[in-house]
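Since the model is a prediction, treat every value here as computed from it, not as a measurement.
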Amino acid sequence: MTMRHVRTMRRAGAAALLSAALTFSLAACGGDGGGSESKEPASTAPQQSKGGDKGTTSPDSVPREPIATVKGDSGLELSVFAAKRDDGGFLTVDGEFKNTGSAGFSVPVSWYGLEQDVAATGHSFAGMTLVDSQGRKRYYVLRDTDNRPLTTYAYDGYIKPGQSLTFFAQFPAPPQTTTKLGLQFPGFPSASIELS
């Protein structure tokens, strides 16, 4: 077997693993009724944007109350709807960015970081972290075997006025005794979120 065949087999295995992980993640998040049926990793992110380019919620989505909301740069608002422990030792955060300003917002590089492998996936939320002040620990977005972040990625990097962009991000789960974490994301103040 040539090295070329080995590389091809590794890539196929990694793609299958990522697809399964993203499918599991979306199912664990409960979805938002906005395209979570897709199983292609790169195409799930744009379809998760509520209402696509129109920035409206899809008709079949159920309005949810956020557990935390913070306002950031240029009229952007970050709402977190859930921070759920999953089987297997994961914590999945799901939420939404909404442009409440009058001008469009271009996603900065700080949202996905400067790591070469992570930057190669395109726009993502790999810059998001969770902080356990009492346990003095910081949790980073998990990566798959190809070092791609387990978060919504490859979405359009421009959020129009009134448009919403939904997201999910997976982290290592903190100990069961931890019930509250601080969510930190570039351009926003820290948000305190309760775990479920």
Side-chain angles (χ1 to χ4, degrees), residues 17-37 41 44-45 47-50 57-58 61-73 76-98 100 107 110-113 115 118 121 123-145 147-153 155 159 164-196:
L17 177 64
L18 177 62
S19 179
L22 288 175
T23 301
F24 171 77
S25 298
L26 291 173
C29 290
D32 67 356
S36 59
E37 296 85 19
T44 57
Q47 291 176 4
Q48 287 183 18
S49 177
K50 290 186 176 181
T57 56
S58 56
S61 67
V62 177
R64 299 181 289 168
E65 286 297 315
I67 59 172
T69 300
V70 289
K71 292 190 181 275
D73 299 336
L76 213 59
E77 191 174 270
L78 165 60
S79 295
V80 177
F81 296 111
K84 255 173 82 168
R85 294 176 189 274
D86 301 325
D87 294 336
F90 303 114
L91 176 73
T92 302
V93 174
D94 104 86
E96 168 185 87
F97 290 90
K98 183 168 186 178
T100 61
V107 171
S110 59
W111 280 27
Y112 51 94
E115 293 174 58
V118 172
T121 64
H123 297 107
S124 75
F125 299 102
M128 189 175 291
T129 59
L130 297 176
V131 177
D132 178 359
S133 327
Q134 290 183 337
R136 296 183 179 179
K137 288 188 179 177
R138 180 180 297 269
Y139 298 93
Y140 295 88
V141 172
L142 290 168
R143 308 291 200 263
D144 70 7
T145 55
N147 211 22
R148 290 178 291 216
L150 293 180
T151 179
T152 305
Y153 70 90
Y155 56 86
I159 306 173
S164 294
L165 172 64
T166 60
F167 73 90
F168 81 92
Q170 280 196 320
F171 299 87
Q176 289 292 334
T177 53
T178 303
T179 59
K180 193 178 280 192
L181 293 171
L183 184 145
Q184 295 185 343
F185 195 65
F188 292 86
S190 183
S192 179
I193 55 173
E194 300 239 359
L195 309 187
S196 57

Item to check | Nearest heavy-atom neighbours spanning Pro186 and Gly127 | outcome: CD-O, 3.7 Å
Checklist entry - Nearest 0.5 Å, what's the NZ-CG distance between Lys98 and Leu76? => result 11.0 Å
Next on the checklist: Can you give me the closest heavy-atom contact between Pro174 and Leu195, atom names plus distance?
Outcome noted: CG-CD1, 3.7 Å
Item to check | Approximate separation, where rounding is to 0.5 Å, of Lys84 NZ and Ser196 OG | outcome: 6.5 Å
Next on the checklist: With heavy-atom distances below 4.5 Å as the criterion, would you say the side chains of Phe167 and Leu78 are in contact?
Outcome noted: yes
Checklist entry - Atom OG1 in Thr92, atom CZ in Phe171: separation rounded to 0.5 Å? => result 9.0 Å
Checklist entry - Arg85: what forms a side-chain hydrogen bond (donor to acceptor under 3.5 Å, both in side chains) with it, not counting sequence neighbours? => result none
Checklist entry - Closest heavy-atom contact between Ala83 and Ile67? => result N-CD1, 4.1 Å
Item to check | For the student: nearest non-hydrogen atoms of Tyr153 and Arg148, plus distance | outcome: OH-CD, 4.4 Å
Checklist entry - Once you round to the nearest 0.5 Å, how far does CD of Gln170 lie from CG of Asp144? => result 11.0 Å
Checklist entry - Strictly under 6.0 Å, is that where the ring centroids of Trp111 and Tyr155 end up? => result no
Checklist entry - Looking only at heavy atoms, what is the nearest atom pair of His123 and Tyr112, with distance? => result CD2-CE2, 3.6 Å
Item to check | Sequence neighbours excluded, every pair satisfying salt bridge (Lys or Arg N to Asp or Glu O under 4.0 Å) that has a member inside residues 168-194 | outcome: Lys180-Glu194
Checklist entry - Between Leu181 and Asp132, is a side chain to side chain contact (heavy atoms under 4.5 Å, CB included) present by the stated rule, with each step listed? => result CA-CA 5 Å; Leu181 293 171; Asp132 178 359; 3.6 Å; yes
Checklist entry - Given the rule in the side chain to side chain contact (heavy atoms under 4.5 Å, CB included) test, do Phe188 and Leu183 qualify, once you have shown the distances and angles that lead to the verdict? => result CA-CA 9 Å; Phe188 292 86; Leu183 184 145; over 6 Å; no
Checklist entry - Which atom pair, heavy atoms only, marks the closest approach of Arg143 to Leu150? => result C-CG, 4.2 Å
Next on the checklist: So does Phe168 get a backbone contact from the side chain of Thr151, meaning a donor-acceptor N/O pair under 3.5 Å?
Outcome noted: yes
Item to check | Within-4.5 Å side-chain heavy-atom neighbours: Leu91 and Tyr139 | outcome: no
Next on the checklist: The test is ring pair (Phe, Tyr, Trp, His ring centres under 6.0 Å); show your working for Phe97 and Phe125 and say whether it passes.
Outcome noted: CA-CA 11 Å; Phe97 290 90; Phe125 299 102; 5.2 Å; yes
Checklist entry - Rounded to the nearest 0.5 Å, how far does OG1 of Thr69 lie from CZ of Phe81? => result 7.0 Å
Next on the checklist: Does either side chain, that of Thr166 or that of Glu96, offer a donor lying less than 3.5 Å from an acceptor on the other one?
Outcome noted: no
Item to check | Thr178 OG1 to Lys137 NZ distance, which is reported to the nearest 0.5 Å | outcome: 8.0 Å
